[in-house]
2 protein chains.
Amino acid sequence: MTTPKRRLPVMADVAREAGVSHQTVSRVLNDHPNVRADTRARVEAAITRLGYRRNLVARALVTKRSRTLGVVSFDTTLYGPASTIYGIEQAARTAGYFVSIVSLKSIDADTVREAIDYLVEQGVDGVVVVAPQRSAGHALENLPPGLPAVAVEGTHSADVSVVCIDQKEGARLATRHLLAQGHETVWHVTGPHDWLETEGRLEGWRAALEEAGRPVPEPLAGDWSPRAGYEAGKSLAAMDGVTAVFAGNDQMALGVLRALSEKGVRVPDQISVVGFDDIPESEFFSPPLTTVRQDFDVVGRHCIEVLLRQIDVQLNGGSTAYERLVVRPSFVVRSSTAPVR
Amino acid sequence: MTTPKRRLPVMADVAREAGVSHQTVSRVLNDHPNVRADTRARVEAAITRLGYRRNLVARALVTKRSRTLGVVSFDTTLYGPASTIYGIEQAARTAGYFVSIVSLKSIDADTVREAIDYLVEQGVDGVVVVAPQRSAGHALENLPPGLPAVAVEGTHSADVSVVCIDQKEGARLATRHLLAQGHETVWHVTGPHDWLETEGRLEGWRAALEEAGRPVPEPLAGDWSPRAGYEAGKSLAAMDGVTAVFAGNDQMALGVLRALSEKGVRVPDQISVVGFDDIPESEFFSPPLTTVRQDFDVVGRHCIEVLLRQIDVQLNGGSTAYERLVVRPSFVVRSSTAPVR
DNA sequence: ATAGACTTTGTTAGCGATAACAATCAGGCG
DNA sequence: CGCCTGATTGTTATCGCTAACAAAGTCTAT
């Protein structure tokens with residue numbers, strides 16, 4: 001790899017090649033209207049001839065805009081965050097923005113804050129924080145002033161815009177579906193403590209039961225992992241009178257199914273199970289899982305919309321109110337639920 | 001959000017505040033040794049007092065290093081790419097680098113090339129391309145000269161460094177395990193055409209069968225999705241003499257399990273099934289899946305190592321040979337396989 | 001005390017682009 | 001035909017930082 005140390009062409013080189021000033025080159029590059037067609041052509045020819053690519057770093061320095069958005073997220077290996085980020089990236093690129101990602105292993109106000117600072121230092125024009133833990137929310141309460149920011153599934157703080165899925169509604173959908181099938185009540189396996197999703201789903205579940213005047217069983221604590229669902233499933237199998245379970249997410253539902261199957265409990269004949277997320281695998285669980293679908297793509301797109309709006313306001317003035325965009329989940333009925341007999 | 005238009009402090013502000021020159025501030029920031037302890041303290045105090053953060057864009061302009069690495073990947077929603085990227089991001093950040101991601105919907109030489117150009121324009125110091133399709137490999141054959149680059153699961157081209165998992169070996173492990181259990185032969189559900197993983201796994205499977213002098217059945221074409229596995233599973237259930245199936249990945253294995261279960265075929269009693277990847281869910285499939293584990297974290301870390309080495313060479317001179325790092329997969333035995341009776 | 005060597009600090013000149021302003025060139029109109 | 005207006009192009013300054021060099025200041029050895 002003995003690279004010939006020939007440095008990359010810069011604007012001045014193109015200018016010389018085309019016989020114009022570097023400013024004219026800049027104008028061509030930025031689609032400035034006042035450039036004669038033939039000059040434009042000449043410059044464009046020179047650009048291709050030299051293989052010129054503009055240096056966005058230099059551009060960012062003078063415009064004070066990097067056209068890069070920062071994303072801070074917890075465990076990007078999980079389906080939810082991964083899908084959200086995918087949606088964010090696609091939307092951002094369409095809008096001509098780069099995406100710089102920081103994925104956190106542990107999440108608390110300090111780590112999140114540190115990650116944001118890191119991104120700010122790098123000069124991002126705004127940040128999306130996918131940090132659905134309550135504790136992480138505090139990091140959003142005193143952001144660097146003037147930094148456009150959006151939280152996904154964020155706190156209910158009034159200091160930052162939020163895009164989220166209506167967890168409570170999703171949980172309600174799941175619970176009502178089960179009640180409508182004649183189940184006396186519904187057991188619930190929760191997500192980890194401190195997550196906003198956990199709280200929302202818990203609330204929705206409880207609300208649906210209370211609305212129907214049903215007893216509210218003690219929820220079983222989980223942590224999103226299939227293993228937690230498995231443990232919960234074993235407990236449920238050992239209990240009397242359990243006919244319906246609402247798992248906090250699909251992976252835990254998988255664990256529940258596994259445990260029930262091991263104990264010889266048939267789903268949905270003896271116990272109905274509902275999940276949350278609709279991961280691609282759910283449809284092929286044994287049995288195929290009835291679940292709540294979250295449209296992460298839409299969430300990602302909304303994040304970028306909100307963020308770009310904030311950036312625009314910052315540039316051109318205008319007023320910003322903090323927005324709160326709630327995406328409604330939908331319900332997918334498959335074979336893991338059935339009317340009680 | 002009526003931001004007070006007070007601009008962020010710059011080095012000169014810190015210099016004034018500390019009563020030194022801006023260069024001294026720069027020295028403190030870059031841990032230059034020749035700064036007296038008390039001046040350093042004074043500068044640091046000024047920095048915290050003003051809440052100064054250095055502008056990495058300006059720094060990048062003059063140093064010609066952005067400390068940002070680009071990652072181009074296909075469908076970051078899939079477990080494999082997502083995990084690899086996670087590993088890359090963690091390793092990069094530890095090394096003081098940012099990661100800018102472009103995730104592609106469709107992948108071919110042009111799209112990949114475009115994505116790389118996009119990243120180069122942004123000034124990345126190097127790129128990792130997670131593009132396991134053969135067609136995408138061509139984009140790596142004439143990269144911008146001098147650009148440090150690493151491919152994950154890349155082509156066998158000699159023009160670029162590659163970090164990959166030994167797919168062939170993994171498939172061999174799976175197939176041999178089944179043969180060792182007394183199965184006469186092993187059926188295979190492949191990944192999508194054109195993927196290197198598909199080819200590697202196919203080769204390993206075939207090699208293991210041939211080594212043992214067994215018949216090689218016609219492989220069933222899949223596309224990584226559970227649905228494809230499901231379809232393949234239905235076909236297999238309808239065939240005679242099938243006792244062992246090696247699915248190209250865990251998701252397809254899930255589909256196979258589902259189809260077999262629907263057809264009343266018991267796993268592993270009647271048919272044994274093996275997957276590939278060891279996604280977190282596999283352990284809780286019905287039955288828990290025997291599979292090949294890939295350590296994506298290690299792959300990510302290796303990518304960064306190789307890339308940083310290339311960047312170092314570019315900066316300080318030295319020789320680079322293109323490296324090829326092969327990570328060995330391991331085998332996880334669970335309950336979806338059993339000796340033939 | 002003083003040259004020489006090494007620290008420590010300051011000064012100046014870019015990096016490669018855009019912004020702001022100045023200059024030139026056409027065309028239209030009184 | 002000259003002046004004004006708008007389109008087109010060029011010139012200069014600047015973004016915030018580091019590199020390179022210059023200038024003090026400190027210390028040791030003679």
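Here is the naming used below: chain letters follow the sequence lines, and residue numbers restart at 1 for every chain.
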Notebook entry, point to check: What is the distance from CG of A:Asn34 to P of C:dT24, rounded to the nearest Å?
Noted result: 18 Å
Checklist line | Closest nucleotide among D:dT18, C:dT18, C:dT9 to the A:Met11 side chain | finding: C:dT18
Margin query: Using whole Å, what does the distance between atom C1' of nucleotide D:dG10 and atom CZ of A:Arg42 come to?
Written below: 14 Å
Next item on the list: Taking only the side-chain heavy atoms of B:Thr39 (C-beta and beyond), determine which of C:dT8, C:dC15, C:dA19 contains the nearest atom.
Entry: C:dT8
Item checked: Atom-to-atom span, CG of B:Leu56 to P of D:dT18 - whole angstrom -> 9 Å
Note to self: Could you tell me how far apart A:Glu121 (CD) and D:dC17 (P) are, to the nearest whole angstrom?
What the structure shows: 10 Å
Checklist line | Gap between atoms CG and C1', on B:Asn30 and D:dC17 respectively (whole Å) | finding: 9 Å
Note to self: For B:Arg16, is there an ion pair with B:Asp13 - N to carboxylate O distance below 4.0 angstrom?
What the structure shows: yes
Margin query: For a quick test of reading the model: is some side-chain N or O of A:Tyr52 closer than 4.0 Å to OP1 or OP2 of C:dG16?
Written below: no
Item checked: Donor + acceptor pair across side chains of B:Thr68, A:Gln122 (<3.5 Å) -> yes
Item checked: 5' precedence on DNA chain C between B:Arg40 and B:His22 (nearest-nucleotide basis) -> B:Arg40
Next item on the list: Among the candidates D:dT11, C:dA17, D:dC17, find the nucleotide nearest to the side-chain atoms of A:Val62.
Entry: C:dA17
Margin query: Just the rounded figure in Å: distance from C1' of D:dC17 to CG of A:Leu61.
Written below: 8 Å
Notebook entry, point to check: What's the NE2-P distance between A:His32 and D:dT8, to the nearest Å?
Noted result: 9 Å
Next item on the list: To the nearest Å, give me how far apart CZ (B:Arg27) and P (C:dT11) are.
Entry: 11 Å
Notebook entry, point to check: C:dG16 phosphate, OP1 or OP2: any side-chain N/O from B:Lys64 under 4.0 angstrom?
Noted result: yes
Check: Relative to the 5' end of DNA chain C, which residue comes earlier, B:Arg36 or A:Ala12, by the nucleotide with the nearest heavy atom?
Finding: B:Arg36
Notebook entry, point to check: Reckon B:Val20 touches a base, only the sugar-phosphate, or nothing at all at heavy-atom distances under 4.0 Å?
Noted result: sugar-phosphate
Margin query: Closer than 4.0 angstrom, basic N to acidic O: yes or no for A:Glu305 and A:Arg301?
Written below: no
Checklist line | Selection from D:dC17, D:dT8, D:dT11 that lies nearest to any side-chain heavy atom of A:Gln23 | finding: D:dT11
Item checked: Presence of salt bridge, B:Arg113 and B:Asp110, under 4.0 angstrom -> no
Notebook entry, point to check: Should A:Ser21 be listed as having a side-chain N or O under 4.0 Å from OP1 or OP2 of D:dT11?
Noted result: no
Notebook entry, point to check: Under 4.0 Å: is that the gap between some side-chain N or O of B:Ser26 and OP1 or OP2 of D:dC17?
Noted result: no
Margin query: Could you check whether atom CD of A:Glu114 has more than 12 heavy atoms from other residues, nucleotides or ligands sitting under 6.0 Å from it?
Written below: no
Check: Within the structure, does a side-chain N or O atom of B:Arg54 lie under 4.0 Å from either OP1 or OP2 of D:dT18?
Finding: yes
